[in-house]
Amino acid sequence: MDMRNRISDAVLFRRRTITAWAVVVVIAFGLSSRFLYLQVSQHESLTAQSDNNRIKIEPLAANRGLIYDRNGEILADNRPAYRLSLTSEHIADMDATLQALAEVIDLSEESISRFQQLAALKHRFQGVPLKFRLTEEEVARFAVLRYRFPGVEVIPYLTRHYPRGDQLAHVIGYVGRMDSRDVQNVDPGVYRATTHIGKSGVERFYEERLHGKPGLRRMEVSAEGRSIRELERSAPISGESLRLTIDANLQLAAIKALGAFAGAVVVLAPSNGEVLALVSQPSFDPNPFVGGVSRQHYAQLLSSNKRPLFNRAIQGGYEPGSTMKPFIALAGLRSEEVEPEDTVHSIGYFQLPNQERKYRDWKRGGHGVVDLRDALIQSVNVYFYELAVRLGIDRLEENLAPFGLGAKTGIDLMGENPGVLPSRAWKRKKKGLPWFPGETVIAGIGQGFFVVTPLQLARAVTVIASRGKLVQPHLLMDRQTLHEKQISVEPEHWDVVIDGMIGVVNDIRGTARRIGAGSRFLIAGKTGTAQVYGQEEDEEYVESEVAEHLRHHALFVAFAPADAPEVVVAVVAEHGGGGARVAAPIARKVIDAYMDTPLGKSALRRRVPEKEGDGI
Amino acid sequence: MGRPTLRRIGLQLDPPLTIALMLVCLLGLAVLFSASGQSEQTVVKQSVRLLIGVIVMLGMAALPIPLLRTWAPWLYLLAISLLVAVWLLGEGRGAQRWLNLGVVRFQPSELTKLALPIMVAWLIQHRPQPIGWRELGMAAVIIGIPVLLIARQPDLGTALLVAASGFFVLYFAGLRWRVLASITFLGMITAPVLWYVMHEYQRDRVRTFLDPERDPLGSGWNIIQSKIAIGSGGLSGKGWLNGTQSHLEFLPERSTDFILAVLSEEFGLTGVISLLGLYLFIITRSLQICVTSRDNFGRLLGGTISATFFVYVFVNFGMVSGILPVVGVPLPLVSYGGTSAVTLFAGFGILMSIHAHKSLLRD
């Protein structure tokens, strides 16, 4: 390319560039004048539109799913109520507004500080709740003074109500106001309109299913933030309603049966693991928690030495005591360390070779020569001391684990206690100590390091009742993906253990013979006593002389009808003293009540034709 | 002449141009903070993207123009093959514009925005100018292929912008005025034909542009609310973070395409004129750099990059203020989004390189 061309190219380019630049400048002036027109000439009319014609997008909360018991009785309900909501965008002086509001509506400092925390996390144009469950009087007072409070609204909403109050607090749990931690843990899209979230029990476990999907509406709002009209709406999708396996009337009967004792009652269906009743006493009324329980009330509940917030049925760890004996017996039979006919001579105590210490029978002088069945009926300690020593702790643990001991049951509630099934390895890991032979001896009668929850105990008994089926206890009817396992034990071994347990209630020497009389069905059971404090070996335990809070816990497990079990009951009465005297009658009442439930009645009907058939 | 290839790697940025670009970015981040509902996360994310853009700019600035010239056909071929790949296995909501490369999702049409003008400039750099019919024909083919590929994604807005960038090269190369006029005329008579090949949503945008009140809650919504936001801003604006219109979530695109409405509401006419002034300064300085360059390929490319940049500004300003249809063009360096910022910075990197290498370049 020659020089002339290059120069002419440069000149041409320069000319074109200048033209382009001129066009750019002209267009820039054009754009400026467009903005000048909009922002100066049209400023007033567009500002008016901006002030008068604002669009607010409001999320619509989905109705929370209801909770029913197995017979369709409502256990968690949604009721209409009013709440006070503040939108900070429309409030010039928040502190002054809060102060003025406090004169109209009863406001605690707590609710104000909670509001401020929550408001910090929300957009300025989003409403933040200040107080829930306004009284009718408060609603009326505010309506009159409303003009003084731009940006403050009374919003109708549905509040959760638990008609059965404290009877099912540990099962249903409760919903509570979402706190700043909840807000960070949930999907903000799904919880845009949500003020309350499941905090415990079924409400928490099934939060996702109960919650539903929010809807949305576009609202035209005035400059003060008042809604003028709705432009568009997409309806929310209600949460799923849940049907529980609980029978509310049986639950109440169990609570009454337990009476004034602290403790737990668990009722299971052995065929499928349905939880028919789950009682933990003392309990609390969940209803105040929905509106926001005061810190004082909460602290009171927390600090009470009766611990009403503690769910004993799934969290309480108890020593199982003699209720372990049927399982120890099965462990011995399974591992062929003992035959049902083998006998032991009980002279009142047991001693390890070369050791001084005497491990006692509960009966002075002993029970004489007993076989396995007798040992269960009379709860003969010496028999099980010897059996445990023969098995050794490792085989004991190996054969008790299949009954679900020392592991969470997998019930659909949070915070379950796994309990403790002691073993050499467990002790080394937890206590850093070796296993001592004496600990095997007392393990034979369910003492020492054993810890079970009432639910675990009930579940283990269902394995005996169903002759080998380990079910997963559950509260939700039709719960999917339940884990079941089968334990193999010789049929005649089931027979002898069940026979022993029938004897406990029905034999003349049975420890719980008092409850056998007059029952419509054959009940099988086992008494137990959990020590509260370590007893010196020769010290006498005289119940009347021991302070109540140091008395033993009374335990009883049972199933009925013994020949074709429909129901399993586990009872723990804290500081009740003896299992036979206190816990067994409670279980009997629960079994009687079960027979009057729709479930029990249909079981009854199923049995009647058989008997008629026998007659013909 | 020494080897310009590696000797000058390092900072070789034009200070006035760099400062103006940074000012636009900072202003953009401030507006984005407000538009996103004061989300620090969004601002941090965008800052990272801008930073990546600046790094790309530094890289491009260190790249000697002769090297870019030798790569021109390959870059063009790469862009075309990627566009074909999008056609065959692309992804995207509604329209196929993205290519998933595992680590990043990538829009080949962005690469085309640079690769096409580079190719056209490469084609005509040594021809005697103003160019003749033969070059024009070849350029038409080179421009036509990627434009059609992008138009069928469908992304008509980008296709038109890419076509414009090819056209600008021809303009700076001195295409005769009467030819330019004929092309413009041809464009005008094909516009009605375009109507029939458009997708329904594209037609909707044109209809809405012609009459926003036609569907005030549907597609006219943005334009009406955007105008209200701009107008209510007035001379000095409602103040930073105080734009009520923007905070009521009325504009679905307020962080991206309609971010100018937020700026207008909160900073008023003062803010709009300042931003426009910054853009004008950037374009003026860019054109100045090109005029002082002695390399025909470089200055053709530089002029095109500057002109295209202004087209983005013009289209976005026009769209947000309701004098152009809504075509989904982001406000350069201000709208939330990474791809367009990186492309823009790459373009400015080329301009920096032209500036840095102008004294070194001889034929």
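Remember, it's a predicted structure, so these values are computed and weren't measured experimentally. Chain letters run A, B, ... following the sequence lines, proteins first and then strands; every chain starts at 1.
Looking at L275(B), neither its backbone nor its side chain comes within 4.5 Å of chain A, counting heavy atoms on both sides. Residue V24(A) touches chain B through both its backbone and its side chain, counting heavy-atom pairs closer than 4.5 Å. Proximity to chain B (any heavy atom under 4.5 Å) is shown, for I18(A), by neither the backbone nor the side chain. Only the side chain of I273(B) comes within less than 4.5 Å of a heavy atom of chain A; its backbone N, CA, C and O stay farther away. Heavy atoms of V272(B) lying under 4.5 Å from chain A belong exclusively to its side chain.
In this structure, R34(A) is not positioned above the aromatic face of F317(B) in the sense of NZ or CZ being under 6.0 Å from the six-membered ring centre and within 45° of the axis.
Ranking G318(B), G234(B), G233(B), G268(B) against chain A, the residue ahead of the rest is G234(B), based on heavy-atom pairs under 4.5 Å. Put simply, of I283(B), T284(B), L280(B), the one with the most heavy-atom pairs under 4.5 Å next to chain A is T284(B). For the set G237(B), S306(B), G303(B), S264(B), the count of heavy-atom pairs under 4.5 angstrom toward chain A peaks at S264(B). Among the candidates T19(A), L38(A), V25(A), the residue making the largest number of heavy-atom pairs closer than 4.5 Å to chain B is L38(A).
Without hydrogens or angle criteria, R16(A) side chain to Y171(B) main chain gives a donor-acceptor distance under 3.5 Å. In this structure, Q39(A) contributes its side chain and L235(B) its backbone to no donor-acceptor pair below 3.5 Å.
Of all the heavy atoms in L46(A) and I228(B), the pair that sits closest is O-CG2, 3.6 Å. Smallest separation of non-hydrogen atoms from F310(B) and A28(A): CZ-N, 4.2 Å. Heavy-atom minimum distance, G174(B) versus L12(A): CA-CD2, 3.6 Å. L276(B) approaches S32(A) most closely through the heavy-atom pair CD2-OG, 3.3 Å.
Two residues are said to be in side-chain contact when any heavy atoms from C-beta on lie closer than 4.5 Å; S321(B) and Y37(A) fail this criterion. Two residues are said to be in side-chain contact when any heavy atoms from C-beta on lie closer than 4.5 Å; L260(B) and F35(A) meet this criterion.
Counting heavy-atom neighbours within 6.0 Å of E110(A) CD, excluding the residue itself, gives a total above 12. A 6.0 Å sphere centred on CZ of R177(A) holds more than 12 heavy atoms belonging to other residues, nucleotides or ligands. Crowding of Y82(A) atom OH: a count of heavy atoms from other residues, nucleotides or ligands under 6.0 Å not exceeding 12.
Judged as a side-chain hydrogen bond (donor to acceptor under 3.5 Å, both in side chains), and not counting sequence neighbours, R15(A) has no contacts. By the side-chain hydrogen bond (donor to acceptor under 3.5 Å, both in side chains) test, T159(A) is found to be paired with R133(A), residues two or more places apart in sequence or in another chain being considered.
Atom CZ in R299(B) sits 8.5 Å away from atom OG1 in T17(A) (nearest 0.5 Å).
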